[in-house]
Amino acid sequence: MASSTPPTLTTAKPYQNHHIQNIQNQHHRRTHNGHNSLHPPPPRNPTAAKPPAPIPATVAAGTHRNPNFTPLSSSKSELAADFSGRRSTRFVSKMHFGRQKSGGSIRHSIVAEDALQQLIRCSGDDRLIESVLLSFQSKLCGSDDYNFVLRELGNRNEWSMAIQCFEFAVNRERRRTEQGKLASSVISVLGRLGKVELAKKVFETAVSEGYGNTVYAYSALISAYAKSGLCDDAIKLFETMKLSGLKPNLVTYNALIDACGKGGADFKRASDIFDDMLSNGFQPDRITYNSLLAVCSGGGLWETAINLFNEMCYRGIEPDIYTYNTLLDAASSGGHMDYAFQIMAEMTAKNIMPNEVTYSTVIRGCAKSGRLDQALSLVSEMKYANISLDRVSYNNLLAIYASLGRFDEALNVVKEMENTGFRKDVVTYNALLDGFGKQGRYDKVKELFSRMKNERVPPNLLTYSTLISVYLKGGLYQEATEMYKEFKHEGLKADVVFYSEIIDSLCKKGFVESSALLLDEMTKKGIQPNVVTYNSIINAFGHSGEARLTNDNKREIVCLENGEKKVTNRDEDRIINVFEQLASGNLNIGEKGRKEIICVLGVFRKMHELEIKPNVVTFSAILNACSRCSSFEEASLLLEELRLFDNQVYGVAHGLLMGYRENVWVHALSLFDEVKRMDSSTASAFYNALTDMLWHFGQKRGAQMVVLEGKRRQVWENTWSDSCLDLHLMSSGAARAMVHAWLLNIYSIVYEGHELPGLLSILTGWGKHSKVVGDCALKRAIETLLGSMGSPFRVATSNIGRFISPGPMVAAWMRESDTPKLLVLEDDRAYPQTHPNLQPLVL
DNA sequence: GTCTCTAAGC
């Protein structure tokens, strides 16, 4: 039962515990800087953290697939899926222009290259193209030559010419196999260019003409669906293929797994395909694993990614540059930058040299986790290694500067990019618009937008959604409306991300009612809201106490559907009413003051109805809403109700809130294991929300246990050393609980007769991560806390976000008789486990 | 003949 016993926070133990941990950390760092160990650090508590499978420790792990490997999806896969930390559902279209067919001999004739050159010169003139094709007709040697031409046309984005060329060739070819080759080739080309509808048309014609019923054509179309993010279509086509009697091959399976990654499917789905593939006798190859890794990367499943990587190596499949780049993406996008650097070192050691994709990935990761200096030094390193920056690298870099408001530098990158021969594209402009917009530089935004048009860079959906959000957040409703009108006029098709972003902006401004209207509108238009959409709305409730509508706000509410500013006189209760309509059932808690709960429950119920799985962000939003509840009873009621939807997740939150620690802790640990799979910002948001709620309702000991568990799992980077406590990523509840834990640690150092460092400091940063109180409140909260304990910490004159005290003064304070009592935290509500009436529901 | 890597919202 060791695992179910909560860690005891006596005055002595924390120091011992953390002393051990420090040693482990040092060991961990040594292995990082040394050789190629990719394994994450050993779990601090063997029962608490599930380590990614190291080789060959995996041998013992059971699985339905192969007893030698850790299962891709653990026995908790359903929860893992529910709890997916996926960051984005948006499909990112990537065009692979100029892509070389690697490996394999040259099969086309010299004549084909000549034909290609002549064709390119005729771009846009169908009749000229026809005459070139006719003139080469007798000289081109079958499908090899035509396939070369088709692929090269694809590399030059000449999809229309590729189709013409295909039709020309296929009509003059009598052999079915050769016709089939042409068809799969052109389907692949069209797929790569995102012309999935055209690819489908070619496929259908090919099938009806009798030369398309091949595994190649099917695989090519599955891949085309994949590249457009159409996972469901890919899977459907796969089923059709099997029904029509064709056997999928390894490539088909690989394409299908790829479709899961690009279509944002759960890892479970990809894992099922993998299992299906194995049971049909196919051994996975490098591309299979690379595609599976991409699913993890897209889903924010870092630990699963590293398990897969180890599994792949164990199977004797050598990783290549794609493997490493994808693994790096999983690490970087999850904020695990120490691992990312380790991976980069390992690939270099294996002589797989980082390329521009590698650098772009890691640079972006650094920037995302606030390591700007490292990001910039990587840029220098890249240049030093003679790796030229490509379009993506440049766009990446300028986006980093723009998002930080460093516009001079951003514009310098633009200049350099243009000097290198890359013209500004829509991504460049979108990044600049977003950056300037977020800094409130609306004059620049307007200027850039008109320059974009002058330079004939057509705005895309993201351009408009960026502009509308920027204007909404800045309160420039007239401009927002104009942008929306223009967006409609351009005939662009909105998607769920477009609406979600606007809904989020409205929620952040307190326009919950308007956002509900938009939610309704998008559904009517056949665009299903997703978990992100709902999370924004739940977050709005979590903050509705501070986001009340003023009369001015009400007048300013924009009715985006009509594309016009609409004056509304509806009173505030209508906001509530809109959401009450979302609630389908009757709840027994309809007392006064409980409207917020009903709304949150209503939104949650609606999600359930629509089969939108709540994720860890939803959970955090709910916890923040709990912290906003006016009483303990209300918060516990809300969690109690939510247990009907998900007993594990809300059972833990409810149990901890109630003080049922002994029974709940073991479930809490397995919940924390699930959270550990998420990227670091998602994980810290969860811990922040949970501890805030517990602290808010006086469950301070529980809050501290959670916060220490989070620290053990390295949720917040480099939280503490003996001389410094860094709270800047924490919410105020988490930070206060952490201050107590750290001081207890300091106490044990003093108690054991060790000397303290000369200067101790506590960093609060700006407390931007607090969900309960406003910005900068973290510092105030910590100041109050330190003052109330009579501690010698004072605000540093050089840095107002830092509290300092000389070590000897802290030591003297620790020796005062009252201090230990002040440091130990207790819960306001703690239930003896023996009391029969107070046992929690069975979890 | 078909398959794998980097750039957007909570």
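Note on naming: letters A, B, ... go to the chains in the order of the sequence lines (proteins, then strands), and numbering restarts at 1 for each one. Scope of the values below: all heavy atoms of this structure, side chains included, with no hydrogens, waters or symmetry mates. All of these numbers come straight from a predicted model, not from anything done at the bench.
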Options [options], nucleotide nearest the side-chain atoms of [X]:
X: A:Thr214; options: B:dT4, B:dG1, B:dC10; answer: B:dG1
X: A:Glu501; options: B:dG1, B:dG9, B:dA7; answer: B:dG9
X: A:Asn535; options: B:dC5, B:dC10, B:dG1; answer: B:dC10
X: A:Ile287; options: B:dC3, B:dG9, B:dA7; answer: B:dC3
X: A:Val617; options: B:dT2, B:dC5, B:dC10; answer: B:dC10
X: A:Lys181; options: B:dG1, B:dC3, B:dA7; answer: B:dG1
X: A:Asn530; options: B:dG9, B:dT4, B:dG1; answer: B:dG9
X: A:Ser360; options: B:dG1, B:dG9, B:dT6; answer: B:dT6

Please state how far atom [atom1] in [X] lies from atom [atom2] in [N], giving the value in whole angstrom units.
X: A:Phe686; N: B:dC10; atom1: CZ; atom2: C1'; answer: 17 Å
X: A:Ile187; N: B:dT2; atom1: CD1; atom2: P; answer: 11 Å
X: A:Asp285; N: B:dT4; atom1: CG; atom2: C1'; answer: 9 Å
X: A:Ile503; N: B:dG9; atom1: CD1; atom2: P; answer: 16 Å
X: A:Leu256; N: B:dT4; atom1: CG; atom2: P; answer: 13 Å
X: A:Asn688; N: B:dC10; atom1: CG; atom2: C1'; answer: 15 Å
X: A:Leu398; N: B:dA7; atom1: CG; atom2: P; answer: 14 Å
X: A:Phe309; N: B:dC5; atom1: CZ; atom2: P; answer: 17 Å

Counting just side-chain N and O atoms, does [X] come under 4.0 Å of either OP1 or OP2 of [N]?
X: A:Lys227; N: B:dT4; answer: yes
X: A:Arg176; N: B:dG1; answer: no
X: A:Ser188; N: B:dC3; answer: yes
X: A:Arg192; N: B:dC3; answer: yes
X: A:Arg107; N: B:dG1; answer: yes
X: A:Lys262; N: B:dC3; answer: no

Regarding [X], tell me which of base, sugar-phosphate or nothing describes its non-hydrogen contacts under 4.0 Å with the strands shown.
X: A:Asp144; value: sugar-phosphate
X: A:Ser185; value: nothing
X: A:Asn395; value: base
X: A:Asp434; value: nothing

Can [X] and [Y] be counted as having a side-chain donor-acceptor contact under 3.5 angstrom?
X: A:Asn624; Y: A:Asn688; answer: no
X: A:Asn254; Y: A:Ser291; answer: no
X: A:Ser223; Y: A:Lys227; answer: yes

Please report the C-alpha distance between A:Phe238 and A:Tyr253 in whole Å, then the side-chain angles of each, then the deciding distance to 0.1 Å, and finally whether the ring-ring contact (aromatic ring centres under 6.0 Å, His included) criterion is met.
CA-CA 9 Å; A:Phe238 181 73; A:Tyr253 278 108; 5.4 Å; yes
B:dT2 base / A:Ser184 side chain donor-acceptor hit below 3.5 Å
no
Is the NZ atom of A:Lys424 crowded by more than 12 outside heavy atoms at less than 6.0 Å?
yes
Look at the rings of A:Phe487 and A:Tyr464 and say which category their plane angle falls in: under 30° parallel, 30 to 60° tilted, over 60° perpendicular.
tilted
A:Tyr322 on top of B:dT4's base, within under 5.5 Å and under 30°?
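Aromatic stack with B:dT4 present for A:Tyr322.
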Compute the ring centroids of A:Tyr534 and A:Phe604, then answer whether they are less than 6.0 Å apart.
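That pair fails the under 6.0 Å test.
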